[in-house]
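Before any comments, here is the structure.
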Protein chains: 2
Amino acid sequence: MKQRIERIKKQLHSKGYKLTPQREATLTVLLEREEDHLSAEEVFLLVKEKAPEIGLATVYRTLELLSELKIVDKINFGDGVSRYDLRKEGVEHFHHHLVCMECGSVEEIIEDLLGEVEKIVEDEWEFQVKDHRLTFHGICKQCQKVAVKAK
Amino acid sequence: MKQRIERIKKQLHSKGYKLTPQREATLTVLLEREEDHLSAEEVFLLVKEKAPEIGLATVYRTLELLSELKIVDKINFGDGVSRYDLRKEGVEHFHHHLVCMECGSVEEIIEDLLGEVEKIVEDEWEFQVKDHRLTFHGICKQCQKVAVKAK
DNA sequence: CTCCATGCAAATGATTTGCATAGCG
DNA sequence: CGCTATGCAAATCATTTGCATGGAG
């Protein structure tokens, strides 16, 4: 994790930004909760535990910055808040989500499922694909089991 | 278009809702601008031309209602506003978007590109897919041409 | 009459911004 | 010093809600 932050520090520097304690605390939270999809508010509360003086605006500014640098992805599952998701290192952009309509859980799929599809879009629509968002809405494994038991 | 509205009227009635003049005006706007992805505000302004007394809250309520009835899809391209998109009749849910990062234009793909992918998700993750959202971000045909010329 | 629906204004909630201050190089 | 970054409070923007009124069956 240390090294990961070191690398991000270099990325920041190369663009003239600094890795301030607040930014580092925010990154640490994001790393610790890599599996989650935290909202700005949630990040703020977690960062506050490490650095109580931090302001919500700073968290927003930091997340915005990280988003520009493509270190995090800003995603939106339609619940009124933006969520932030650390990109896997070395993985260009493929990164999909399974959102459960029952329990709200979000599972990630790192695997690239869209290679073929992307090719079709590029060829047939002459659209030069830079990135994509794919989200499935449905019922997760656990909730399927619950439904069966409930019968 | 008349018939389309008639059918929606029946759908509304079957759930105990009415097709009020405001709702009809809203639907008319959505039908006239079927290709676009209007925000609530934009719909409101267009409806106001036909029915000046309408209130923004009513537009929101109508869009919400139509969304519940699966007559429109509420989508979010990450620009801070929800957009509303009429579902094609008879088409279950497959409906993807190509968002141009240059000019902001949005193109629709009706074709089902995800049959295979969906199967993989169902089998490999045991996730029961109900619906999905797929958006590609990139450069549209027109903007690619402009870029070439600019050289 | 009984509801559903509406318009308006006020409330809410997320996100952004202005500004004075603090701190690194 | 010169800039970037920060905290705080105020501002903004989209969306929602309360409430009294209006209208269809």
Side-chain angles (χ1 to χ4, degrees), chain A residues 5 8-29 37-69 71-84, chain B residues 8-29 37-69 71-85:
Chain A
I5 290 189
I8 292 173
K9 183 173 181 177
K10 277 180 196 142
Q11 269 189 73
L12 285 167
H13 283 170
S14 75
K15 305 253 176 179
Y17 301 114
K18 300 168 192 167
L19 182 64
T20 63
Q22 289 90 335
R23 287 179 184 166
E24 186 163 353
T26 305
L27 275 167
T28 305
V29 164
H37 301 81
L38 303 171
S39 66
E41 189 82 34
E42 288 163 347
V43 172
F44 171 62
L45 292 173
L46 290 167
V47 173
K48 232 176 148 74
E49 293 174 8
K50 298 179 198 295
E53 2 60 67
I54 200 170
L56 179 55
T58 301
V59 171
Y60 271 104
R61 285 188 279 235
T62 300
L63 291 170
E64 180 61 32
L65 179 63
L66 295 175
S67 189
E68 270 168 37
L69 297 183
I71 294 167
V72 304
D73 281 320
K74 190 174 179 179
I75 49 182
N76 198 305
F77 294 133
D79 60 349
V81 287
S82 293
R83 299 181 174 279
Y84 299 84
Chain B
I8 293 173
K9 184 173 181 179
K10 277 180 196 143
Q11 270 189 73
L12 286 168
H13 282 171
S14 74
K15 303 253 178 179
Y17 301 114
K18 299 169 193 167
L19 182 65
T20 63
Q22 289 91 333
R23 287 177 183 167
E24 185 162 354
T26 305
L27 275 168
T28 305
V29 164
H37 301 80
L38 303 171
S39 66
E41 189 81 33
E42 288 164 346
V43 172
F44 171 61
L45 291 174
L46 290 168
V47 174
K48 233 177 147 73
E49 292 174 7
K50 297 180 199 296
E53 0 63 65
I54 201 170
L56 179 55
T58 301
V59 172
Y60 271 105
R61 285 188 278 232
T62 300
L63 292 170
E64 180 61 32
L65 179 63
L66 295 175
S67 191
E68 272 168 35
L69 296 185
I71 293 166
V72 304
D73 281 320
K74 190 174 180 177
I75 49 183
N76 199 304
F77 294 134
D79 58 350
V81 286
S82 293
R83 299 181 174 279
Y84 299 84
D85 205 353

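Numbers restart at 1 for each chain; the letters A, B, ... are given by sequence-line order, proteins then strands.
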Original post:
B:Glu64 near the nucleic acid: base, sugar-phosphate alone, or nothing, with a heavy-atom cut-off under 4.0 Å?
Top reply: nothing
**OP:** Please round to the nearest 0.5 Å and tell me the distance separating atom NZ of B:Lys15 and atom CG of B:Leu65.
**Re:** 10.0 Å
Original post:
Of the non-hydrogen atoms in B:Leu56 and B:Phe44, which two are nearest, and what is the gap between them?
Top reply: N-CE1, 3.3 Å
Original post:
Of the nucleotides C:dT6, D:dG7, D:dT16, which one has an atom closest to the side chain of B:Lys74?
Top reply: D:dT16
Subject >> Phosphate OP1/OP2 of C:dC4: any B:Thr20 side-chain N/O under 4.0 Å >> reply: no
Original post:
More than 12 heavy atoms of other residues, nucleotides or ligands under 6.0 Å from NZ of A:Lys48: is that the case?
Top reply: yes
Original post:
Looking only at side-chain N and O atoms, does B:Thr58 come under 4.0 Å of OP1 or OP2 in C:dG7?
Top reply: yes
**OP:** Take atom CD of B:Glu68 and atom P of C:dC4, then tell me their distance rounded to the nearest Å.
**Re:** 14 Å
Original post:
How long is the line joining OH of B:Tyr84 and C1' of D:dA14, in whole Å?
Top reply: 10 Å
**OP:** From the options B:Val59, B:Leu45, B:Leu38, select the one residue that forms a side-chain contact (heavy atoms from CB on, under 4.5 Å) with B:Val29.
**Re:** B:Leu38
Subject >> Integer-rounded Å distance: D:dC3 C1' and A:His13 NE2 >> reply: 14 Å
**OP:** Write down the distance between CZ (B:Phe44) and C1' (D:dT15), rounded to a whole number of angstrom.
**Re:** 13 Å
Original post:
Which residue, B:Tyr60 or B:Lys18, contacts DNA chain D at a nucleotide closer to its 5' end, judged by nearest heavy atom?
Top reply: B:Tyr60
Original post:
Rounded to whole angstrom units, what separation is found between the CG atom of B:Leu38 and the P atom of D:dT15?
Top reply: 13 Å
**OP:** Identify whether any heavy atom of A:Arg61 sits under 4.0 Å from a base atom; if not, whether one sits that close to sugar-phosphate; answer base, sugar-phosphate or nothing.
**Re:** base
Original post:
Rounded to the Å, how far apart are B:Leu56 CG and D:dG18 C1'?
Top reply: 16 Å
**OP:** Looking at every strand, decide which applies to A:Glu41 at a 4.0 Å heavy-atom threshold: base, sugar-phosphate, or nothing.
**Re:** nothing
**OP:** To the nearest Å, give me how far apart CD (B:Glu53) and C1' (C:dA5) are.
**Re:** 13 Å
Original post:
Rounded to the Å, how far apart are A:Asn76 CG and D:dT15 C1'?
Top reply: 14 Å
**OP:** For B:Gly16 and for B:Ala51, locate the closest nucleotide of DNA chain C by heavy-atom distance; then report the residue assigned to the nucleotide nearer the 5' terminus.
**Re:** B:Gly16
Original post:
What does B:Ile54 touch in the nucleic acid at a heavy-atom separation under 4.0 angstrom: a base, only the sugar-phosphate, or nothing?
Top reply: sugar-phosphate
Original post:
Reckon B:Ser82 touches a base, only the sugar-phosphate, or nothing at all at heavy-atom distances under 4.0 Å?
Top reply: sugar-phosphate
Subject >> CG-CG distance between A:Asn76 and B:Asn76, expressed to the nearest 0.5 angstrom >> reply: 4.0 Å
